[in-house]
J.: 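So that we are looking at the same thing, I have put the structure below in structure tokens.
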Number of protein chains: 2
Amino acid sequence: MKKLELFDKHQQDLAKWAKVLSHPARIAILQYLASCNTCISGDISDHLPLSRTTVSQHLKELKEIGLIKGEVEGLKMRYCLDDKAIEALNQIFSDFVTSIQPQNKECC
Amino acid sequence: MKKLELFDKHQQDLAKWAKVLSHPARIAILQYLASCNTCISGDISDHLPLSRTTVSQHLKELKEIGLIKGEVEGLKMRYCLDDKAIEALNQIFSDFVTSIQPQNKECC
DNA sequence: GTTTTATGACGCAAACATACGACATTGTAT
DNA sequence: ATACAATGTCGTATGTTTGCGTCATAAAAC
């Protein structure tokens, strides 16, 4: 019942990026990280209406796809956005949107 | 266990768009619709490695969020992309990407 | 050295998504 | 009218995601 692999690599890739953005908590985390210029660690959880454990899991997903990086700082953890990845994300999505612009306007 | 509504309307919105794009089949459908300038109906299923029923469900989701429109044509169904929605999608995603550009480069 | 603190990993339950066969509906062809 | 075709809906099985409590670990404070 896992048919994902039957599709194009490109399509799978885009789907993966989209999936990471498909939960408001993860979007909120990214925006929070962008806003706090001190790149604060797990008081990210304090800013979200979710338990620390749950936020930790979302952070993990963001890290796995590379959108954020985390560096240990004593007991605490300092997360921050990865510029490069955000640029890549931008590229992938704008390429996709371009790819689905209808080329033939009289079609419908 | 449904905490989605605890987030910002904007965040929820973006998440919804992203969710629709989070499956390769739906991406494939959009790209197929963009490529076939005749906006053909359910032989979309013939182009995908999934059953007709499953494709029908994906089409429904795309239609619900407004990315595609369907018009009855006798027994057949003619689906096509909705330009306006694609433009909106573009806007939403590029706004988001802009919103997470780190403003303070020395941060990390 | 013991306690406190911040964090991640593990395991579970509820909710949701995916995939599909069987059926219903509606339009066309005979 | 009857048969056939294209499509959507329903029910269901299986897989995945979300959310969280509990535990383990490791740095810091005492």
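Here is the naming used below: chain letters follow the sequence lines, and residue numbers restart at 1 for every chain. Keep in mind that this is a model prediction, so the values were computed, not measured.
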J.: Over how many whole Å does the gap from B:Glu71 atom CD to D:dG8 atom P extend?
T.: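 That distance rounds to 13 Å.
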J.: For B:Asp13, which of B:Lys9, B:Gln11, B:His10 qualifies under side-chain contact (heavy atoms from CB on, under 4.5 Å)?
T.: B:Lys9
J.: What I want to check is whether the side chains of B:Thr53 and B:Ser56 have a donor and an acceptor closer together than 3.5 Å.
T.: no
J.: Counting just side-chain N and O atoms, does A:Lys19 come under 4.0 Å of either OP1 or OP2 of D:dT17?
T.: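 Yes.
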J.: Check the distance between C:dT18's P and B:Ile27's CD1 and give it to me in whole angstrom.
T.: 11 Å
J.: Whole angstroms only, please: what is the NZ-C1' distance between B:Lys16 and D:dT17?
T.: 18 Å
J.: Classify the nucleic acid contact of A:Glu61 as base, sugar-phosphate or nothing, counting any heavy atom under 4.0 Å across all strands shown.
T.: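 Sugar-phosphate contact only.
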J.: Provide, to the nearest angstrom, the distance between the CD atom belonging to B:Gln12 and the C1' atom belonging to D:dT18.
T.: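 Distance, rounded to whole Å: 15 Å.
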J.: Do B:Ile86 and A:Val97 make a side-chain contact, defined as non-hydrogen atoms from C-beta onward lying under 4.5 Å apart?
T.: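 Yes. Closest side-chain heavy atoms under 4.5 Å.
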J.: Is the closest basic N to carboxylate O distance between A:Glu71 and A:Arg78 below 4.0 Å?
T.: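 No.
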J.: Quickly work out the B:Leu48 CG to C:dA19 P distance and round it to whole Å.
T.: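 After rounding, the reported distance stands at 11 Å.
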J.: Rounded to whole angstrom units, what separation is found between the CG atom of B:Leu62 and the C1' atom of D:dG8?
T.: 16 Å
J.: Just by distance, with hydrogens left out, do A:Gln12 and A:Asp8 show a side-chain donor and acceptor under 3.5 Å apart?
T.: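 No donor-acceptor contact under 3.5 Å links the two side chains.
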J.: On DNA chain D, check which nucleotide each of A:Glu73 and A:Ser22 is closest to and give me the residue with the more 5' one.
T.: A:Ser22
J.: Under 3.5 Å, side chain of B:Asp43 to main-chain N/O of B:Asp46, donor-acceptor pair present?
T.: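 Looks like no, no N/O pair under 3.5 Å.
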J.: Between atom CZ in B:Phe7 and atom P in D:dT18, what is the gap in whole Å?
T.: 11 Å
J.: Write down the protein N/O and nucleotide N/O pairs, taken from nucleotides 2-11 of chain C, whose separation is under 3.5 Å; answer none if there are no such pairs.
T.:
| residue | atom | partner | partner atom | Å |
| --- | --- | --- | --- | --- |
| C:dT7 | OP1 | A:Ser41 | OG | 2.6 |
| C:dT7 | OP1 | A:Gly42 | N | 3.3 |
| C:dT7 | OP1 | A:Met77 | N | 3.3 |
| C:dG8 | OP1 | A:Tyr79 | OH | 2.3 |
| C:dG8 | OP2 | A:Ser56 | OG | 3.4 |
| C:dG8 | N7 | A:Arg52 | NH1 | 3.4 |
| C:dG8 | O6 | A:Arg52 | NH2 | 3.2 |

J.: Taking 4.0 Å as the cut-off, does a side-chain nitrogen or oxygen of A:His58 come that near to OP1 or OP2 on D:dG19?
T.: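 Yes, such a contact exists.
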J.: In the structure I gave you, are the side-chain heavy atoms of B:Phe7 and A:Leu48 within less than 4.5 Å of one another anywhere?
T.: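 They are in side-chain contact.
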J.: Rounded to the nearest Å, what distance is computed from the CG atom of residue A:Leu50 to the P atom of nucleotide C:dA15?
T.: 16 Å
J.: Are A:Thr54 and D:dC20 close enough that a side-chain N or O sits under 4.0 Å from OP1 or OP2?
T.: yes
